[in-house]
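To start, the structure under review is shown below, and the notes come after it.
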2 protein chains.
Amino acid sequence: MKDGPDIARIAALIGDPARANMLMALMEGGALTATELAQIAGVTPQTASAHQARLAEGGLIRQRKQGRHRYAELASPQVAAVLQALMGLAAASGHLRQRPGPRDADLRRARICYDHLAGEMGTQMFDALLARGHLIRRDEELDLSEEGAAFAREFLGSDPEPQSRAPLCRECLDWSERRSHLAGRLGRAMLARMIALGWARRVEDSRVICFTGEGERQFQALFSS
Amino acid sequence: MKDGPDIARIAALIGDPARANMLMALMEGGALTATELAQIAGVTPQTASAHQARLAEGGLIRQRKQGRHRYAELASPQVAAVLQALMGLAAASGHLRQRPGPRDADLRRARICYDHLAGEMGTQMFDALLARGHLIRRDEELDLSEEGAAFAREFLGSDPEPQSRAPLCRECLDWSERRSHLAGRLGRAMLARMIALGWARRVEDSRVICFTGEGERQFQALFSS
DNA sequence: ATAATGTTACGACTATCATCGAAATATGAA
DNA sequence: TTCATATTTCGATGATAGTCGTAACATTAT
């Protein structure tokens, strides 16, 4: 009966918390499988699959079937633009979230954000790398300096997934700290290395990352400002 | 459990058809009352009032109470940006709407768009006024020229609601024609005058505007290109 | 004061849909 | 093949919330 584009249909698709979380995860630019999205959204794979189908039908994501996996990625930059606008509005509305951040103290301290380190320790590492000139910000882009590359090679033992075409360094807004932490291939590799070194481990069925006493010491030695 | 701004809450607010229609109407920039929004959204005043309250609580609109009316307007340009992005995506998705315009032929011919004339005849009138220099477009604004003002005075018999501070002329996107028609105080006055002259009448319980044979003739005499 | 109109509050009904358990299907690994 | 993993289908359940009728409240008009 009304005229105008069907904006409600699309908004309703984004309006479900689970789907919104899935889309936010896809905002990073990568392609994720249904089970990965399920973990991120905190639902079972079945529901995630259903959501994925609805999002695809609504034209918000594209699906690439590859082997027994079904990867999902944002359908177009316009979708990202909508999400970006929504994030801006949500942040400006003060409606950052009912709880201004993860409520658990452990979650606020150190947690996993999809695949990299977030929380107080995440922002601390990010700030330290930036202060030392290992990371360089240039117009919305984040680059690794010469010294930064050397540091990463030494710490990681190798280059992080050199074959991937996902960005090496990316800023990711930390909503408990309201500041940035490091995402991208380097962010993922850094966290993986810390776990491999025994500095920290993931807590079962939670996003909490628990550092050992020794791990905390080493971390502070490396990233104290 | 998740981090990030609460984008789902806001999207869910826009996700309801009634609320989406209300917001789209407010996109014009004006302030509308609850009953006006109810008519536009096709719901009863009670539900419109409830929706208005939820939109205000969600920070999408601001309310100004004035006498026994409660005017609603978009809270910020950021809200408009979100709606704009959604419209762009919806249009690009081909999801213009299940039906690309009002399905009824009569609706496509001439209908009421809130308070002014829309449809083929609406765009025809708009184009004619523009072609003759009665209306002048200057950077997104729409103004009435000297000749246009004279024409309006003659046709209307008086100036349209000179006391109001709403814009006199405004462009309104016509989604069955995908072109502009005339809104604003002048658009409202023009339609009211045509009805007063007996050229046309509203069809009960519909948005259709039915022109008489003589009314159609007069209309074509005035606004043929 | 009385009536008329705009708005809001309450209560109830209803439909939509998100969610999950169980099971089926598809693909890859051994 | 047989087993394991990823994904999808089906059915059922449960909760959210959109809707309206009735009525109260607020404000303006007569």
Quick one: is [X] getting a side-chain N or O under 4.0 Å of the [N] phosphate, OP1 or OP2?
X: B:Arg70; N: C:dT8; answer: yes
X: B:Ser49; N: C:dT8; answer: yes
X: B:His51; N: D:dT19; answer: yes

Value in whole Å for how far the [atom2] atom of [N] lies from [atom1] of [X]:
X: B:Met22; N: C:dT7; atom1: CE; atom2: C1'; result: 13 Å
X: A:Tyr71; N: D:dA6; atom1: OH; atom2: P; result: 11 Å
X: A:Asp16; N: C:dT16; atom1: CG; atom2: P; result: 17 Å
X: B:Leu37; N: D:dT19; atom1: CG; atom2: P; result: 14 Å
X: B:Gln52; N: C:dG6; atom1: CD; atom2: P; result: 14 Å

Which residue, B:Val82, B:Leu23, B:Leu86, forms the side-chain contact (heavy atoms from CB on, under 4.5 Å) with A:Ile7?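 In the set B:Val82, B:Leu23, B:Leu86, the residue that makes a side-chain contact (heavy atoms from CB on, under 4.5 Å) with A:Ile7 is B:Leu86.
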If you measure only the distance, is there a donor-acceptor pair under 3.5 Å linking the side chains of [X] and [Y]?
X: B:Thr212; Y: B:Glu214; result: no
X: B:His116; Y: B:Arg188; result: no
X: A:Thr44; Y: A:Gln46; result: yes

Salt bridge present between B:Glu216 and B:Arg109 (N-O < 4.0 angstrom):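 Looking at B:Glu216 and B:Arg109, the cut-off is met.
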Can the ring centroids of B:Trp199 and B:Phe155 be said to lie less than 6.0 angstrom from one another?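 Yes: the rings meet the under 6.0 Å criterion.
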Aromatic ring proximity, centroids under 6.0 angstrom, B:Phe126 and B:His181: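 They do not qualify: ring centres at least 6.0 Å apart.
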Look at all strands and tell whether [X] reaches a base, only sugar-phosphate, or nothing, counting heavy atoms closer than 4.0 Å.
X: A:Ala48; value: nothing
X: A:Ala53; value: nothing
X: A:Thr35; value: sugar-phosphate

Give me the bend of the helix from C:dA1-D:dT30 to C:dA30-D:dT1, using the axes of the five pairs at each end, rounded to 10°.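 The value is 30°.
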For A:Glu36, is there any backbone N or O sitting under 3.5 Å from a side-chain donor or acceptor partner on A:Gln39?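 No; zero donor-acceptor contacts below 3.5 Å.
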Verify, without hydrogens or angle tests, whether A:Arg19 (side chain) and A:Leu13 (backbone) share a donor-acceptor contact under 3.5 angstrom.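 Such a contact is found between A:Arg19 side chain and A:Leu13 backbone.
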Return whichever of B:Thr47 or A:Ala12 has its heavy-atom-nearest nucleotide of DNA chain C closer to the 5' end.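 Looking at DNA chain C, the more 5' nearest nucleotide goes with B:Thr47.
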What protein N or O atoms touch nucleotides 22-29 of chain D N or O atoms at under 3.5 angstrom, if any, and at what distances?
residue, atom, partner, partner atom, Å
D:dT27, O2, B:Arg68, NH1, 3.4

Nearest to the side chain of B:Thr44, which nucleotide is it out of D:dC20, D:dT7, C:dT19?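 Nearest listed nucleotide: D:dC20.
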